[in-house]
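The shown structure was predicted, so the numbers you read here are calculated from the model rather than taken from an experiment. Residues: numbered from 1 along the sequence shown.
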Amino acid sequence: MVCLGNICRSPTAEGVLRHLVAQQAPNLSIEIDSAGTADYHIGAPPDLRSQRAALRRGIDLSGLRARQVTQDDFARFDLILAMDRDNLRELEAMKPRQSHAALKLFLEYAPELNLRDVPDPYYCDSGAFEEVLDLTSAASRGLLASLQHRA
């Protein structure tokens with residue numbers, strides 16, 4: 001899961017997917033991680049507003065720490081999901097030629113929403129963080145269904 005700074009959208013998506021997998025598919029063997037395309041917040045925990053919103057839904061993000069996408073990610077992961085088109089373009093520019101990692105928008109797994117981008121809540125009120133949770137929950141359900149179908 002990838003956003004710009006890895007403190008709002010992508011750690012929320014990581015936490016939501018981890019929570020969903022633990023509840024609905026604990027035997028599914030997948031690696032879940034998040035990162036940012038920028039180096040603004042390396043080592044920082046998720047934004048407190050993200051943490052509080054997630055915790056209200058029983059999802060603890062407090063142990064996550066921001067990191068930047070590395071070249072190794074394109075070898076380590078089969079699927080890299082961008083939170084928006086800007087970060088998808090950034091990932092496409094970073095992707096090594098020999099990489100077989102698929103790059104997609106996360107919301108492709110929630111086509112019923114008719115949205116492409118998870119909006120960045122950083123400069124918004126608490127409602128925006130709830131919206132990120134709603135959107136990442138829908139996409140996580142779709143992604144999990146896809147992964148279970150492939151397994």
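Atom CG in Asp84 sits 8.0 Å away from atom CZ in Arg89 (nearest 0.5 Å). Separation of atoms OG1 (Thr12) and CG (Asp47) is listed at 8.5 Å; rounding is to 0.5 Å. Atom CG of residue Leu4 and atom OG1 of residue Thr37 lie 4.5 Å apart, to the nearest 0.5 angstrom. Here CG of Asp86 is found 12.0 Å from SG of Cys3. Values are rounded to the nearest 0.5 Å. Note that OG of Ser50 is 4.5 Å distant from CZ of Phe129, once rounded to the nearest 0.5 Å. Between Ser29 atom OG and Leu147 atom CG the span is 11.0 Å, to the nearest 0.5 Å.
Using a 4.5 Å heavy-atom threshold, the side chains of Leu143 and Leu81 count as touching. Residues Glu130 and Arg57 have side chains in contact (heavy-atom distance under 4.5 Å, counting atoms from C-beta outward). Two residues are said to be in side-chain contact when any heavy atoms from C-beta on lie closer than 4.5 Å; Pro121 and Glu131 fail this criterion. The shortest side-chain heavy-atom distance between Tyr40 and Asn6 does not fall under the 4.5 Å cut-off. Between Arg9 and Asp120 there is a side-chain heavy-atom pair separated by less than 4.5 Å. You'll find the side chain of Leu91 reaches within 4.5 Å of the side chain of Val2, heavy atoms only.
Considering all non-hydrogen atoms of both residues, Ile80 and Phe74 come closest at CD1-CD2, 3.7 Å. Taking both residues in full, the closest heavy atoms of Ala13 and Met83 are given as CB-CE, 3.9 Å, listed atom of the first, atom of the second, then distance. In terms of heavy-atom proximity, Arg49 sits nearest to Cys124 at NH1-O, 3.4 Å. Nearest heavy-atom pair across Asn87 and Ala82 is C-CB, 4.1 Å. Scanning both residues, Pro45 and Arg65, for their nearest heavy atoms gives CB-NH1, 3.2 Å. Taking both residues in full, the closest heavy atoms of Ala35 and Ser10 are given as O-OG, 3.4 Å, listed atom of the first, atom of the second, then distance.
Within a 6.0 Å radius of CG in Asp78, no more than 12 heavy atoms belonging to other residues, nucleotides or ligands are found.
Remark: the Asp72 side chain and the Thr70 side chain contain no N/O donor-acceptor pair separated by less than 3.5 Å.
A donor-acceptor pair under 3.5 Å is absent between the side-chain atoms of Gln51 and the main chain of Leu61, judged by distance alone. Remark: the backbone N or O of Leu133 is paired with a side-chain donor or acceptor of Ser137 at under 3.5 angstrom.
Leu88 and Val69 fall within the same hydrophobic cluster, defined by Ile, Leu, Val, Met, Phe, Trp and Tyr side-chain heavy atoms under 4.5 Å apart, directly or through other members. Hydrophobic clustering, with ILVMFWY side chains joined whenever heavy atoms are under 4.5 angstrom apart, keeps Ile42 apart from Leu64. Residues Met1 and Phe77 are members of separate hydrophobic clusters, defined by side-chain heavy-atom contacts under 4.5 angstrom among Ile, Leu, Val, Met, Phe, Trp and Tyr. Note: the hydrophobic cluster containing Leu55 does not contain Val132 (ILVMFWY, side chain heavy atoms under 4.5 Å, direct or indirect links).
The salt bridge (charged side-chain N to carboxylate O under 4.0 Å, His left out) pairs that include a residue from residues 141-151 number zero, where partners must be two or more places apart or lie in different chains.
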Pairs under 3.5 angstrom only: tabulate donor-acceptor contacts from the side chains of residues 105-116 to other protein residues two or more places apart or in another chain.
{"residue": "Glu108", "atom": "OE2", "partner": "Leu105", "partner atom": "N", "Å": "3.1"}
{"residue": "Tyr109", "atom": "OH", "partner": "Lys104", "partner atom": "NZ", "Å": "3.3"}

Output a table of donor-acceptor pairs, distance under 3.5 Å, between side-chain atoms of residues 16-26 and any protein atom two or more places apart or on a different chain; print 'none' if there are none.
{"residue": "Arg18", "atom": "NE", "partner": "Glu14", "partner atom": "OE2", "Å": "2.9"}
{"residue": "Arg18", "atom": "NH2", "partner": "Glu14", "partner atom": "OE2", "Å": "3.0"}
{"residue": "Arg18", "atom": "NH2", "partner": "Ile32", "partner atom": "O", "Å": "2.4"}
{"residue": "His19", "atom": "NE2", "partner": "Gln23", "partner atom": "NE2", "Å": "3.3"}

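Between Lys95 and Asp73 there is no salt bridge, since no side-chain nitrogen of the basic residue lies less than 4.0 Å from a carboxylate oxygen of the acidic one.
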